[in-house]
Amino acid sequence: MDPKRHSWDLTPAGARAVQEALAPEVVTENRFGSVRHVAGVDVGFPEGRTRAAIAVLRYPDLEPVDSAQVTLDTSFPYVPGLLSFRELPAVERALEKLREKPDLILCDGQGRAHPRRMGIACHLGVRTGYATIGVAKSRLCGTFEAPGRERGCRAPLYDGRERIGTVLRTRTGVKPLFISAGHRIDLETAVDFVLRCTPRYRLPETTRAAHRLASGLQSV
DNA sequence: GCGACAG
DNA sequence: ATCTTGTCGC
């Protein structure tokens, strides 16, 4: 029984059991080739339905090259720690529609910085095989000291004595982002990519492009 | 029992 | 995330 092919029809308790079964499948080292395209994933809930949007940008110039979006009926509530069970069904279908597959995906949410080390970035990576990074706007778990005020400043995020992520200042004077490894990448490399994807704003260009499609007014 | 809690 | 206007700051 391959844990990667679990059903989405689960109770919260069942979902947590799936996370524990999948956690050992996460690849912690860098296992991806040259990065020519990076993608941003974001999910919105217009009219209560679940809309996943993916934007593929060329790397490193970050010029848009492709995008896809899918809207499905919402089938799982928001439960802290179980975000992926609410968003991934739509995200995976949007990924399949892409013409230009990305080499690396930046997810809106945590990767390993999760109670069971199975945030949405890890979950998507393990299920699809894509290399992924978790880029969250706020903390789910872990403790940290405030990083310096300048862009590039960072501080380790710990869960007890275990390093689970990095609190990163992507723009001077703005709230930091919570970066963690998803799948097939290590934390240091993940932080490096996030900085290269944030040439102008707090959030990565990938995330901004996807966000615009997911919660945008255009329904195409 | 009392907080904390990605999006 | 979503419901919503004006407002403070660079």
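Chain letters run A, B, ... following the sequence lines, proteins first and then strands; every chain starts at 1.
- Residue contacts shown for A:Gly81 include a base, since a base heavy atom lies under 4.0 Å away.
- Counting non-hydrogen atoms under 4.0 angstrom, A:Leu177 reaches nothing in the nucleic acid.
- A single hydrophobic cluster is not seen to contain both A:Leu213 and A:Val41; linkage of ILVMFWY side chains at heavy-atom distances under 4.5 Å, directly or through other members, places them apart.
- When the shell of 6.0 Å around CZ of A:Arg196 is examined, it contains 12 or fewer heavy atoms from other residues, nucleotides or ligands.
- By the 6.0 Å and 45° rule, A:Arg86 stacks over the aromatic ring of A:Phe45.
- Going from atom CG of A:Asp42 over to atom P of B:dG7 covers 10 Å, rounded to whole Å.
- For A:Glu87, whose side chain is taken as the heavy atoms from C-beta onward, the closest listed nucleotide among B:dA6, B:dG7, C:dA1 is B:dG7.
- Going from atom CZ of A:Arg49 over to atom C1' of B:dG7 covers 19 Å, rounded to whole Å.
- The stacking criteria are not both satisfied for A:Phe178 over the base of B:dA6, which would need a centre-to-centre distance under 5.5 angstrom and an angle between ring planes under 30 degrees.
- Proximity of the aromatic rings of A:Tyr59 and A:Phe193 is defined here by a centroid distance below 6.0 angstrom, and this criterion is met.
- Applying the 4.0 Å criterion to OP1 and OP2 of B:dG7, one finds that A:His211 has every side-chain N and O outside that range.
- For the pair A:Ser138 and B:dG7, the criterion of a side-chain N or O lying under 4.0 Å from OP1 or OP2 is met.
- For A:Arg139, the side-chain atoms get nearest to B:dC5 when compared with the rest of B:dC5, B:dA6, C:dA1.
- Proximity of A:Lys137 to the phosphate of B:dG7: a side-chain N or O atom is located under 4.0 Å from OP1 or OP2.
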